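First comes the structure, then the notes that go with it.
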Protein chains: 2
Amino acid sequence: MADVSKARLRLWLRLLKAQRRIEGELREKLRAEYSSTLPRFDVLAALDRNRDGLRMSELSGDLKVSNGNVTGIVERLVEDGLVTRTPVAQDRRAMKVQLTAEGISYFATLAEAHEAWVSELLQSFDAEGAEQLSDTLDQLNISLESHND
Amino acid sequence: MADVSKARLRLWLRLLKAQRRIEGELREKLRAEYSSTLPRFDVLAALDRNRDGLRMSELSGDLKVSNGNVTGIVERLVEDGLVTRTPVAQDRRAMKVQLTAEGISYFATLAEAHEAWVSELLQSFDAEGAEQLSDTLDQLNISLESHND
DNA sequence: TCGATATATTTTAAGCTTGAAATAAATATG
DNA sequence: CATATTTATTTCAAGCTTAAAATATATCGA
């Protein structure tokens, strides 16, 4: 196989290694310090960005996970009183999911801790270095978007 | 929170986005074209790099996943005839996991396809660009390694 | 040697993830 | 209007993942 494909493979393996290490640390912190999980955090974050609520399909679309997946996570968040799931008047198939007041303040706490953890893990980057790598990855993401197969 | 922590957070979100997109594509291809999975691929890759076999704990150490996790994956690979699990003579607690001949040739096929998929997904990088980003991520990985908490 | 401690692995419980099938309701088409 | 298709969501089966508990064996120290 061509040299360039070897270089790309090596790049992918290193990207994956970094991601796994960081995600592992974040998962561990969420578990140890807040008895929570990354999927829950992701759902709460999406709902925090959309205070008017999201339908189940909008939520799974935003998070880019499967439809059925979100069902279970939201179920547990409802049990914990962090979100509500209410029928949509105009469309009896649909459900609107929304943060409760408790969910809003709980997520604020989580988000602040999360940002601090990430910042510590990425301490080897100063603002400029972080922005530079950010930009490179943004280019990659754009390229991946257009790749649609 | 400080500007730099915002920049690092943005960097993390973009890294995560790229990783998820790429991993999703690879998972989908493995499933559709080879009825396989990424965890299976990872185990086979580790065993391919270590043709003399690995103990369960060496395997989970290499892959940086939990001990119990590997048990189930290896179990299914044994069922499929791709690996063997044999007791270690000197230590009756331990098991040595090793690719079968079929496992070796099967993985060779998979690995070639995998490299081609990765190369296509990362087509926006030429050899130099890939190496540059590789190096940056390697620095990050070194920094993450030493972060041990 | 005996007992404590450490190591290798499996089991378990809980949760996450997917794709596919099942439901149910809305919309489009003849 | 009736039926076909599409859309929104849940359910299901299979597999992955973790941390913790359980098992079994090995090793260390008195």
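Sequence lines set the chain letters: A, B, ... in the order given, protein chains first and strands last, and positions in each chain run from 1. Treat the numbers as computed from the prediction; the structure is a model and nothing was measured. Just the heavy atoms: all of them, side chains too, but no hydrogens, waters or symmetry mates, feed the values below.
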Completion exercise
Walking DNA chain D from its 5' end, the first of A/Arg85 and A/Arg20 to be reached, judged by nearest nucleotide, is A/Arg85

Exercise for the section: Could you tell me whether A/Ile73 contacts a base, only the sugar-phosphate backbone, or nothing, with contacts defined as non-hydrogen atoms closer than 4.0 Å? Expected result: sugar-phosphate

Problem - Between P of C/dT10 and CE of B/Met95, the distance in whole Å - result: 6 Å

Completion exercise
A/Asp80 CG to C/dG15 P, in whole Å, measures 9 Å

Problem - NZ/NE/NH1/NH2 to OD/OE distance under 4.0 Å, A/Glu58 and A/Arg55 - result: no

Practice task
Can you tell me the distance, in whole Å, between the CG atom of A/Leu30 and the C1' atom of D/dT18?
Solution key: 14 Å

Problem - A/Arg55 CZ - D/dT7 C1' separation (whole Å) - result: 10 Å

Problem - d(CG, A/Leu63; P, C/dT18) in whole Å - result: 10 Å

Practice task
Give a yes/no on whether any side-chain N or O of B/Ser57 is located under 4.0 angstrom from OP1 or OP2 of C/dT9.
Solution key: yes

Problem - Atom pair CG (B/Leu133) and CG (A/Leu15), whose distance is rounded to the nearest 0.5 Å - result: 7.0 Å

Handout entry: Test ring-ring contact (aromatic ring centres under 6.0 Å, His included) applied to B/Phe107 and B/Phe41, step by step
Key = CA-CA 8 Å; B/Phe107 178 72; B/Phe41 181 83; 5.3 Å; yes

Problem - Distance test, side-chain N/O of B/Thr37 to OP1/OP2 of D/dG15, below 4.0 Å - result: no

Anything under 3.5 Å between a protein N or O and an N or O of nucleotides 19-27 of chain C, put it in a table, one pair a line.
| from | atom 1 | to | atom 2 | distance (Å) |
| --- | --- | --- | --- | --- |
| C/dA26 | OP1 | A/Arg92 | N | 3.2 |

Exercise for the section: Check the surroundings of atom CD in A/Glu112: do more than 12 heavy atoms from other residues, nucleotides or ligands lie under 6.0 Å from it? Expected result: no

Completion exercise
From CD of B/Glu79 across to P of D/dG15 the rounded distance in Å is 8 Å

Handout entry: Touch class at under 4.0 angstrom, heavy-atom based, for A/Val70 against every strand present
Key = nothing

Practice task
Give one of base, sugar-phosphate or nothing for B/Val65, where a contact means two heavy atoms less than 4.0 Å apart.
Solution key: sugar-phosphate

Practice task
Say whether, by atom type as modelled, one donor and one acceptor occur between the side chain of A/Glu75 and the main chain of A/Gly72 under 3.5 angstrom.
Solution key: no

Practice task
Would you kindly say whether B/Ser5 and A/Glu115 are connected by a side-chain donor-acceptor distance under 3.5 Å?
Solution key: yes

Fill in the blank from the handout: Here the distance between atom P of C/dG15 and atom OH of A/Tyr34, to the nearest Å, is 21 Å

Exercise for the section: Write down the distance between CD (A/Gln19) and P (D/dT17), rounded to a whole number of angstrom. Expected result: 12 Å

Practice task
Would you give the length of the straight line joining atom CG of A/Leu137 to atom CD1 of A/Ile142, rounded to the nearest 0.5 angstrom?
Solution key: 11.0 Å

